[in-house]
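As structure tokens, the structure follows; a few thoughts come after it.
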Amino acid sequence: MLENDAVLERANELRAAGRAFVLVTVVRVESPTSAKPGAKAIIEPDGVIQGWVGGGCAQPAVIKTAKQAIADGQARLIRISPEQEAPVEPGVTDFGMTCFSGGTLDIFIDPIVPRPALLIVGASPAARALSALAAPLGFAVTVAFPGVDASQFPDAGRLVESLQPTALTDLRPNCVVVATQGKRDEAGLEAALGTGAPFIAFIASARKAAKLREYLIERGHEPSRVAAIESPAGVEIGAVTEEEIALSVLARLVQVRRSGALTAVAAPDVAARASAPPGALAEVTGEAIDPVCGMTVDVATAEHRSEYGGRTWYFCCGHCQHAFEKDPQRYVNALEAAP
């Protein structure tokens, strides 16, 4: 397929650039469908899609699942079909939608996610042990510390001999572990906060960490960011040696990585959620519920929308929009009555 060639070329470009994306493949169809077996598409983290794996109700389901797959790195098999009584096979996520034309699509969602970037701040024995363990488990390791010795970090992909913000601005790590262990702890923590990483851990006792949190807040760092620093670092396994400490920290990094937290967007404000009208979270989350079929719709890319009752309603396809506009209050009442 000529279209597939363009999709695969784009996949190679994204992979070479170290950017996350999802390769989507139609593996089975039951007519009538607009997509055919073997059809492929690429979906990037912002939901932009290249290629064709079905339109209408199919694309919102695929894009939503693709974003989830990028977040946790796990492949998925989804089925987009009319509502059916037959149970779905284990391992298949079913999207049953009333607006679908009548056919069925089975689609494989395969996330291609670059290795998470781990910045280790420090040149301590624990830092060396963590670098040795993290690289084989799929982390792209950078070590930053003044005078860091390359011979002590043979597994690290990059060494930075500074803790100055200007030296770390281009790193953009997914996670940072401060393993200074008494040498330039304050500078190491400030360097970690300056990277903007979504996850920061500090190898230290709880008492020491509390003192340094006070210091960081006095220095003007955002209290919520300071409070989010995990310390003592790692999973509790009774670690004693430097290698055991590194193992406990790495176990926590794997746990956080698989939860999707290293790439997750900050959660919407709880109060804003609570005050939003039923099914009307578009302004809070960037998503809305199609009141006709129940599909989740990305408001930023939604092509079909309608104004009613002083707000905007979003739809996965023109069929749902048309049904809503014939009797909008019916669907609003049903949505508000839903548990």
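Quick note: residue numbers are just sequence positions, from 1.
Under the rule for a side-chain hydrogen bond (donor to acceptor under 3.5 Å, both in side chains), the partners of Lys208 that lie at least two apart in sequence or sit in another chain are Asp185. Judged as a ring pair (Phe, Tyr, Trp, His ring centres under 6.0 Å), and not counting sequence neighbours, the contacts of Phe315 are Phe324.
The pair Glu30-Arg28 meets the salt-bridge criterion, since a charged nitrogen lies less than 4.0 angstrom from a carboxylate oxygen. A salt bridge does not link Asp290 to Lys64: none of the charged side-chain nitrogens sits closer than 4.0 Å to a carboxylate oxygen. For Asp94 and Arg79, the salt-bridge test fails: no basic side-chain N is under 4.0 Å from an acidic carboxylate O.
A pairwise comparison of heavy atoms in Pro116 and Gly138 identifies CD-O, 3.4 Å as the closest pair. When all heavy atoms of Glu44 and Ile70 are compared, the pair lying nearest together is C-CD1, 4.2 Å. Here the closest heavy-atom approach between residue Thr65 and residue Ile78 is recorded as CG2-CG2, 3.8 Å. Here the closest heavy-atom approach between residue Cys320 and residue Val292 is recorded as O-CG2, 3.3 Å. Nearest heavy-atom pair across Arg305 and Thr312 is CB-CG2, 4.0 Å. What you find for Glu242 and Pro125 is that their closest heavy atoms are CG-CB, 3.6 Å.
Here the CD atom belonging to Glu218 is positioned 11.0 Å from the CG atom belonging to Leu212, to the nearest 0.5 angstrom. The CD1 atom of Ile112 lies 10.5 Å from the CG atom of Leu14; values are rounded to the nearest 0.5 Å. Between Ile49 atom CD1 and Phe21 atom CZ the span is 13.5 Å, to the nearest 0.5 Å. To the nearest 0.5 Å, atoms CG (Leu130) and CG (Leu253) are separated by 6.5 Å. Taking OH of Tyr308 as the start and OH of Tyr331 as the end, the distance is 13.0 Å to the nearest 0.5 Å. For the atom pair Leu216 CG and Arg213 CZ, the distance stands at 9.0 Å (nearest 0.5 Å).
In this structure, Ile42 and Val22 have side chains that are not in contact, with every pair of non-hydrogen atoms separated by 4.5 Å or more. Within the 4.5 Å cutoff, side-chain heavy atoms of Asn333 are placed close to those of Gln329. The closest side-chain heavy-atom distance from Thr142 to Leu159 is not below 4.5 Å. In this structure, the side chains of Thr25 and Ile109 stay at 4.5 Å or more apart for every pair of heavy atoms. Contact of the Tyr215 side chain with the Lys211 side chain is not registered, since no non-hydrogen atoms from C-beta on lie closer than 4.5 Å. Asp155 has its side chain out of reach of Val141: every pair of non-hydrogen atoms, C-beta onward, lies at least 4.5 Å apart. Residues Asp106 and Val29 fail the side-chain proximity criterion, which asks for heavy atoms closer than 4.5 Å. Looking only at side-chain heavy atoms (C-beta outward), Val178 and Ile120 stay at 4.5 Å or farther from each other.
Arg330 CZ: 12 or fewer foreign heavy atoms inside a 6.0 Å radius. Atom CZ of Arg225 is surrounded by more than 12 heavy atoms from other residues, nucleotides or ligands within 6.0 Å. At most 12 heavy atoms of other shown residues, nucleotides or ligands fall within 6.0 angstrom of atom CZ in Arg15.
Neither side chain, Asp72 nor Gln68, offers a donor N or O lying under 3.5 Å from an acceptor on the other. For the residue pair Tyr314 and Gln321, no side-chain donor N or O sits within less than 3.5 Å of a side-chain acceptor on the partner.
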I would like to know whether Lys40 and Val26 meet side chain to side chain contact (heavy atoms under 4.5 Å, CB included); could you show each step before the answer?
CA-CA 7 Å; Lys40 298 183 186 298; Val26 177; over 6 Å; no
Report the C-alpha separation of Asn174 and Leu118 in whole Å, then their side-chain angles, then the decisive distance to 0.1 Å, and conclude whether the side chain to side chain contact (heavy atoms under 4.5 Å, CB included) test is met.
CA-CA 6 Å; Asn174 301 100; Leu118 167 62; over 6 Å; no
Run Glu325 and Ser306 through side chain to side chain donor-acceptor pair (under 3.5 Å) and show every step you take.
CA-CA 8 Å; Glu325 290 176 346; Ser306 181; 3.1 Å; yes
Any chance you could lay out the side chain to side chain contact (heavy atoms under 4.5 Å, CB included) test for Phe153 and Val148, step after step, and finish with the verdict?
CA-CA 9 Å; Phe153 292 93; Val148 63; 3.7 Å; yes
Evaluate side chain to side chain contact (heavy atoms under 4.5 Å, CB included) for Ile107 paired with Val62, printing each intermediate quantity in order.
CA-CA 8 Å; Ile107 300 176; Val62 172; 3.7 Å; yes
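Listed for the Asp110 side chain is no donor-acceptor partner under 3.5 Å among the backbone atoms of Ala75. Here the side chain of Ser248 pairs no donor or acceptor atom with the backbone of Gly234 at under 3.5 angstrom. The backbone N or O of Pro173 sits nowhere less than 3.5 Å from a side-chain atom of Thr195 that would complete a donor-acceptor pair. Using modelled atom types, one side-chain atom of Arg76 and one backbone atom of Gln74 make a donor-acceptor pair closer than 3.5 Å. In terms of modelled atom types and a separation under 3.5 Å, the side chain of Gln181 and the main chain of Lys183 share no donor-acceptor contact. In this structure a side-chain-to-backbone donor-acceptor pair under 3.5 Å is present from Asn4 to Gly38. With hydrogens and angles disregarded, no donor-acceptor distance shorter than 3.5 Å links the side chain of Gln255 to the backbone of Ala251.
Geometrically, Arg257 engages Phe139 in a cation-pi contact, judged by NZ or CZ lying under 6.0 Å from the ring centre and within 45° of the ring axis.
Clustering ILVMFWY residues whenever any of their side-chain heavy atoms sit less than 4.5 angstrom apart, transitively, puts Val48 in a cluster other than the one holding Val7.
Legend: salt bridge (charged side-chain N to carboxylate O under 4.0 Å, His left out) pairs involving residues 122-149, not counting sequence neighbours: none detected.
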